[in-house]
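To start, the structure itself, in structure tokens.
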Amino acid sequence: MNITFYNTLSRKKENFIPIDRDEVRIYSCGPTVYNYAHIGNFRTYIFMDTLRRVLKYNGYKLKHVMNITDVGHLESDADEGEDKMIKAAKKENKDPYEIARFYEKAFFKDLEKLNIDVPDIIARATEHIPDMIEYVKEIIKNGYGYETSKGIYFDISKLDKYPVLSNNSLDEQIAGARVEVDSEKRNPYDFAIWIKASDNHIMKWNSPWGLSYPGWHLECSTMGQKYLGNQFDIHTGGIDHIPTHHENEIAQSKGRTGKIPARYWLHCEFLQVDGGKMSKSLGNVYTITDLEEIGVEPLAYKMFCFTAHYRTKLNFTFESIKSAQKSLQRLREGYLKHLESNNNIVSSNEKIKEYRFKFLKAINDDMNMPVAMSVLWDIIKEKEKSKIFAELILEFDQVLGLDLKKIKKQEKNNLNIPKEIEELIEQREKARKEKNWIVSDKIREEIKEKGYIIKDTKQGFELERIEK
Ligand code: AMP
Ligand code: ZN
């Protein structure tokens, strides 16, 4: 079955055809490691992970690179203002490298909690400075770069078209954005590829242009092409990357090779909080740890992300995330019912085929996860319980990454059972040991009233939540 992706470059859904038949080459813009990544950032990494999983489910091998921005970047996307890394270093009174490694580690820990597969190649900007210098030299040699007292700038007037990704024309873009007034620049929208460092700038390197450091866009151009070649298949990021970061990456690449570096540009829409922007000043920037502290598992957040298509805005509220936690619980319990049934067959093999077809159709339709999840729920809710359905759920979980294979029988009794129910179970067990059947039956009824059914088995007992 064909895979289709919405390509920001063509502004339409396209059939996905990789450059090499078997291996898909992907570049993902990674984190700037000067602070803990927030749940909005992780929406974009969950989308990146789903993309990986969908391609793998379709039989492709991957070569996937993600960068770690550990050289700044500057406050605005246009590489102006203060360096984010250095600002954090000053604030925390630490070396910028210490800051970068600390938050990088925290980032990977969160990825693990979210069961996000780490891309094959993790490229730190600070470890690719010589490659970046070579890249700049080539841009200059090809006539697209020029030196000013501030650094090396990219001359956008040399391009056949700019911008190519964003809907805006350059006029609209110029009107809508703040551009630094700089009389040395040839065109107002020329941007810094390489920046000369002031005396008190901490992260700087020797270069043909003196002590200096790379612009943010340069690192992605350089590292993407170093590992994936001058043209690769897919480039991912959040929608905020479209107008400047990715636009300028494309410009640089055209300046060096004449080509747009990736064929498909995929962008994840923003997560909003309470219908608005997440921002420090509003005090609504949440991390994965914040969610855990209120009893929400990281995987419940992943499931929450699947409630919306990646190209639509998703609104985070505490009510909705708590309901995602309950859904995750129900999903696990439903999966266990299939797994634990004594039935090894299904009455209709056609059903399995149909479910597989619907699931594949959904994920291959530009990663339509809400539809894919509805197929999963249909299997969970099947009246007929069967181990075959459990296997199918696990197969789909290769794409969902909800780690269902870790849910084992004996864990069922630990699935977020309220304390009062646990206490009632204990009292009932005691009554049963004493062969006090009247008390044990009474407690069973009490447990039922509180929403759980307790069933006695040879091994002990099983507890099920009554589905509403
Ligand atoms: P940064 O570390 O700031 O470069 O951001 C890391 C990734 O998170 C980038 O791909 C951003 O586009 C993305 N991102 C930032 N804020 C949000 C948000 N609220 N929702 C979804 N993605 C976001
Ligand atoms: Zn990037």
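When a ligand or atom number is given, it counts from 1 through the structure's own listing order. For this chain, numbers begin at 1 and follow the sequence in order. Bear in mind that the values here come from a model prediction, so they are computed numbers and not experimental data.
Those atoms of ligand 1 that come under 4.0 Å of a heavy atom in T44, given as number and element, are 10 (O), 13 (C), 21 (C), 22 (N), 23 (C). The distance from ligand 1 to the heavy atoms of P31 drops below 4.0 Å at these ligand atoms: 2 (O). The ligand atoms of ligand 1 that sit less than 4.0 angstrom from a heavy atom of L271 are 18 (C), 19 (N), 20 (N), 21 (C).
Residue contact annotation: Q272 has no non-hydrogen atom under 4.0 Å from ligand 1. Between Y45 and ligand 1 there is a heavy-atom distance shorter than 4.0 Å. At a 4.0 Å cut-off, not a single heavy atom of C268 sits close enough to ligand 1 to count as contact.
With sequence neighbours left out, D378 forms a salt bridge (charged side-chain N to carboxylate O under 4.0 Å, His left out) with no residue at all. With sequence neighbours left out, the side chain to side chain contact (heavy atoms under 4.5 Å, CB included) criterion links V375 to Y355, K358, F359, F396.
Although no hydrogens or angles enter the test, the distance criterion places no donor-acceptor pair under 3.5 Å between the side chain of D233 and the main chain of P18.
Residue contacts with ligand 1: R43 is placed with no nitrogen or oxygen under 3.5 Å of a nitrogen or oxygen of the ligand (distance criterion only). Backbone and side-chain nitrogen or oxygen atoms of C29 are examined, and none is located within less than 3.5 angstrom of a nitrogen or oxygen of ligand 1. At least one N or O atom of G238, backbone or side chain, sits closer than 3.5 Å to an N or O atom of ligand 1.
Classified by interplanar angle (parallel below 30°, tilted 30° to 60°, perpendicular above 60°), the ring pair F304/Y301 is tilted.
Under 3.5 Å, the side chains of T287 and D290 contain a donor-acceptor pair of N or O atoms. Remark: the H128 side chain and the Y227 side chain contain an N/O donor-acceptor pair separated by less than 3.5 Å. Side-chain contact of Y103 with D70: a donor-acceptor pair under 3.5 Å is absent, judged by distance alone. For the 3.5 Å distance criterion, the side chains of E219 and T69 qualify, holding a donor opposite an acceptor.
One finds the CD1 atom of I234 at 9.5 Å from the CG atom of N7 (value rounded to the nearest 0.5 Å).
A salt bridge links R256 and E138; the closest N-O separation between the charged side-chain nitrogens and carboxylate oxygens is under 4.0 Å.
Residues V371 and D365 form no side-chain contact, since every pair of their non-hydrogen atoms from C-beta on lies 4.5 Å or further apart.
Across the listed options N41, I68, T236, N41 owns the non-hydrogen atom lying nearest to atom 14 (N) of ligand 1. For atom 17 (C) of ligand 1, the nearest non-hydrogen atom from the set F316, Y310, F270 belongs to F270.
When heavy-atom distances to ligand 1 are checked against a 4.0 Å cut-off, D240 comes that close only through its side chain, counted from C-beta outward. In E269, the part holding a heavy atom less than 4.0 Å from any atom of ligand 1 is the backbone.
For the Zn ion (ligand 2), the set of protein N/O/S atoms nearer than 2.8 Å consists of C29 SG, C220 SG, H245 NE2, ordered by chain and number.
Applying the salt bridge (charged side-chain N to carboxylate O under 4.0 Å, His left out) definition to pairs two or more places apart or across chains, none involves residues 317-327.
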